[in-house]
K.L.:
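First the structure, then my questions, so here it is.
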2 protein chains.
Amino acid sequence: MDKKYTIKDIAKLAGVSKGTVDRVLHNRGKVSPTALDKINEVLKVIDYQPNLIARNLKNNKVYHICVLLPDPEFDPYWLPCINGIDDAKKEFKAYNVNIETHFFNPESKKSFVNTNQTVIAQAPDAVLLAPLFHKETLEVMKQYEELNIIVNTFNNQVESDVIKSFVGQDLHKSGRVAASLMSLIVSEGQIAIIHIDESVKNAVHMQEKEKGFRNYFEEKNNPNFTINTLKLKFSNIEAKLEAFLIENTNLKGIFITTSKAYQIASLLPEEKCKKIALIGYDLIHKNITHLNKGSIHFLIHQNQKRQVYLGVATLVEHFLYGKEIPQTIVLPIDIINAENASFYIS
Amino acid sequence: MDKKYTIKDIAKLAGVSKGTVDRVLHNRGKVSPTALDKINEVLKVIDYQPNLIARNLKNNKVYHICVLLPDPEFDPYWLPCINGIDDAKKEFKAYNVNIETHFFNPESKKSFVNTNQTVIAQAPDAVLLAPLFHKETLEVMKQYEELNIIVNTFNNQVESDVIKSFVGQDLHKSGRVAASLMSLIVSEGQIAIIHIDESVKNAVHMQEKEKGFRNYFEEKNNPNFTINTLKLKFSNIEAKLEAFLIENTNLKGIFITTSKAYQIASLLPEEKCKKIALIGYDLIHKNITHLNKGSIHFLIHQNQKRQVYLGVATLVEHFLYGKEIPQTIVLPIDIINAENASFYIS
DNA sequence: TTGTAAAGTGTGTTCGAGCACATTTTGTTT
DNA sequence: AAACAAAATGTGCTCGAACACACTTTACAA
């Protein structure tokens, strides 16, 4: 009933040889109309699924995939990606796939370009890339295109015909999700959006989140709220935050657009900590600690690990099974609090 | 560098034939200590990964897997499961796997047993089962064991040595998650836990959720709250709910332990709807509508689709690649509100 | 009608693991 | 030293798809 048909079966049913069936299936070589009809007749009746196992056995090329991402030493945000890559490596290690990780310095465009050059020199079959720098990304794309190297991206979107796929989140929506949670905890007063980041590379990210956040409150059109934006850099966090708190005594909530919510949480004076709602990003250890203490209310999970895993898995499945590469994979915006956090940490 | 070694390579390196290598790898037949040493020496140096593709080509048995679950006609809760099965079918259709779905009536123990009998008569290689009825499940387990049919379960846990795996959620924790969200929206007053279900089959489910919910508030030990439990059945929902609302004017929040939150939402009078926080389960269409209208605040996603998908995928990968079947897979408790719901609906 | 190129078709090998079976080596007994 | 069983080892086939190559048939010009 659910028997798997082979090329041999088709050949027998059509009264031809497997070679002819093969030519029909792959539109190669010459086949007489008579044979073509007979084979098509058979193919119409049965549901032929080529045995991928056998196909792959033959095509035993080793596929070479490079993953390019910022060195987690510079920013722990990228740490979960390593796990995602490891997961993919583990899952596919028995197949002819070779996955290689390359780090670049997220503060340096030059490092980004150089790492890409190293990878290009290796001439892999595909690349999964965190395209942090827009202009530089477009430049290296030209080279990837010339060498017919498939390029997938994750984390942030860059428009280019060369890029086959993007895996990531809708940042605008993620700002809205943060806002919806904030409006649940805080009913009136002042809300601050804080951008903390050492470099400018995340500027677009942070802006999109801010836009989404503000958009939500604009829609609500509640006059009881005022929203301010504060930009902090490593060197001035403490002083600037203190000044801000003194100036804004009616502060009820803070939305931190990066994974640095823990820094704010640990700088807030004890008595304010309980009163001010904090919402941030990413399940890094320090954030989880504050989440459990109650000094951070919600975290939004950006699931970098899964982003990279899916980016790699998509490529492997494309090579191994000829699956199509989806143009975009949008990951859900997971809402995390102290109660469900444990399920997402890995 | 990352070259894939084959048995032939090992044989050559050890100076023996592939037959001998094969015997060492599988501890079968007789091998001289000399040969064993030589081969082990080689195996120590290289990282041999048998080519799963080739292995499977030989073992081209068609594996037969049956999925048993309640008919979604009786309860739309089970509808997403169909998608999960379809996903698995799609993913594995090119392999020698035959996945068959069998429905039973969730209100009838007899139907449950009968469906199991039908499946047993087919003698599949494995079964994925929603073990709604405890006693009956244990009974059919005996038969599955005798026939060496692998049994995986999902949705609810039943303790049995025969059952190899369970995929589901931690219901106690899920109650706690609901409570944590409730305590965020409601700061004092009365909270109701409502169980709505036509049958008793979900009793354990609902109880676990209630326990978790109460447990959270007990820990908080906040005297401003009172929590009541209300059990409703299809026939008496409207009248009983109305009476309850009249009796309890200070009602601030309702936790519905089943997917029927929409029923409560649509029965609440307009003026109360805005004031009373509703938290329920499952992303079924009617719940989503209320979520978007604002009459339901949060839904907890039980991800039935993924439960079934993982249950099936685990089995297929076990048969095809010899992967171990994990004893339990606990899915995360996804918090859903109007802003992030769209990402989870499929 | 034969020659010959083109068109059409079939055969046989490959991939790596697994396993049956054939063959060789070893060890023991007479 | 021969005989022979037991132990050890090697050979060769299988799985299904892919493809090279050899072979057969057709078509048409000489």
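By convention in this document, chain letters (A, B, ...) are assigned in the order of the sequence lines, proteins followed by strands, and residues within each chain are numbered from 1.
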K.L.:
Specify the separation, in whole Å, of atom CG of A/L25 and atom C1' of D/dA17.
P.N.:
10 Å
K.L.:
Reckon A/Y48 has a side-chain N or O less than 4.0 Å from the OP1 or OP2 of D/dA17?
P.N.:
yes
K.L.:
Between C/dG10 and A/T20, is there an OP1 or OP2 to side-chain N/O distance shorter than 4.0 Å?
P.N.:
yes
K.L.:
Counting heavy atoms not belonging to B/E73, are there more than 12 under 6.0 Å from its CD?
P.N.:
no
K.L.:
Could you give the NZ-to-C1' distance, from A/K61 to D/dA18, as a whole number of Å?
P.N.:
17 Å
K.L.:
Measure CD1/A/I53 against C1'/C/dG16 and give the value in whole Å, please.
P.N.:
13 Å
K.L.:
Whole angstrom is fine here: how far is it from CD1 in B/I7 over to C1' in D/dG10?
P.N.:
14 Å
K.L.:
Is the backbone of B/I329 close enough, under 3.5 Å, to the side chain of B/S165 for a donor and an acceptor to pair up by distance?
P.N.:
no
K.L.:
Using atom NZ of B/K8 as one end and atom C1' of D/dG10 as the other, report the distance to the nearest whole Å.
P.N.:
14 Å
K.L.:
Please determine whether a side-chain nitrogen or oxygen atom of A/S32 lies at a distance below 4.0 Å from atom OP1 or OP2 of C/dT9.
P.N.:
yes
K.L.:
Between C/dG10 atom C1' and A/I10 atom CD1, what is the distance in whole Å?
P.N.:
17 Å
K.L.:
Looking only at the aromatic ring of each residue, does the gap between the centers of B/Y5 and B/Y48 stay below 6.0 angstrom?
P.N.:
no
K.L.:
For the base of D/dG10, is there a side-chain donor-acceptor partner from B/R23 under 3.5 Å away?
P.N.:
yes
K.L.:
Does a nitrogen or oxygen in the side chain of B/T6 sit under 4.0 Å from OP1 or OP2 of C/dG16?
P.N.:
no
K.L.:
Between C/dT9 atom C1' and A/K30 atom NZ, what is the distance in whole Å?
P.N.:
14 Å
K.L.:
From C-beta outward on A/P33, which listed nucleotide comes closest to its side chain: D/dA18, C/dT9, C/dG8?
P.N.:
C/dG8
K.L.:
Report the relative orientation of the aromatic rings in A/Y344 and A/H301; use parallel for angles under 30°, tilted for 30 to 60°, perpendicular for over 60°.
P.N.:
perpendicular
K.L.:
Do A/K18 and C/dG10 share a donor-acceptor pair, side chain to base, under 3.5 Å?
P.N.:
no
K.L.:
Under 4.0 Å between any heavy atoms, over every strand shown, what does A/R28 touch: base, sugar-phosphate, or nothing? Just pick one.
P.N.:
sugar-phosphate
K.L.:
Measure the distance from OH on B/Y95 to P on D/dA17 and round it to the nearest whole Å.
P.N.:
13 Å
K.L.:
Would you indicate what B/D22 reaches in the nucleic acid, counting non-hydrogen atoms under 4.0 angstrom: base, sugar-phosphate, or nothing?
P.N.:
base
K.L.:
For C/dC19, take OP1 and OP2 only and decide whether either is under 4.0 Å from a side-chain N or O of B/H26.
P.N.:
no
K.L.:
What's the closest nucleotide to the side chain of B/N51 if the choices are C/dA17, D/dT9, C/dA7?
P.N.:
C/dA17
K.L.:
Does the cation-pi check pass for A/K61 over A/Y63, that is, NZ or CZ under 6.0 Å from the six-membered ring centre and within 45° of its axis?
P.N.:
yes
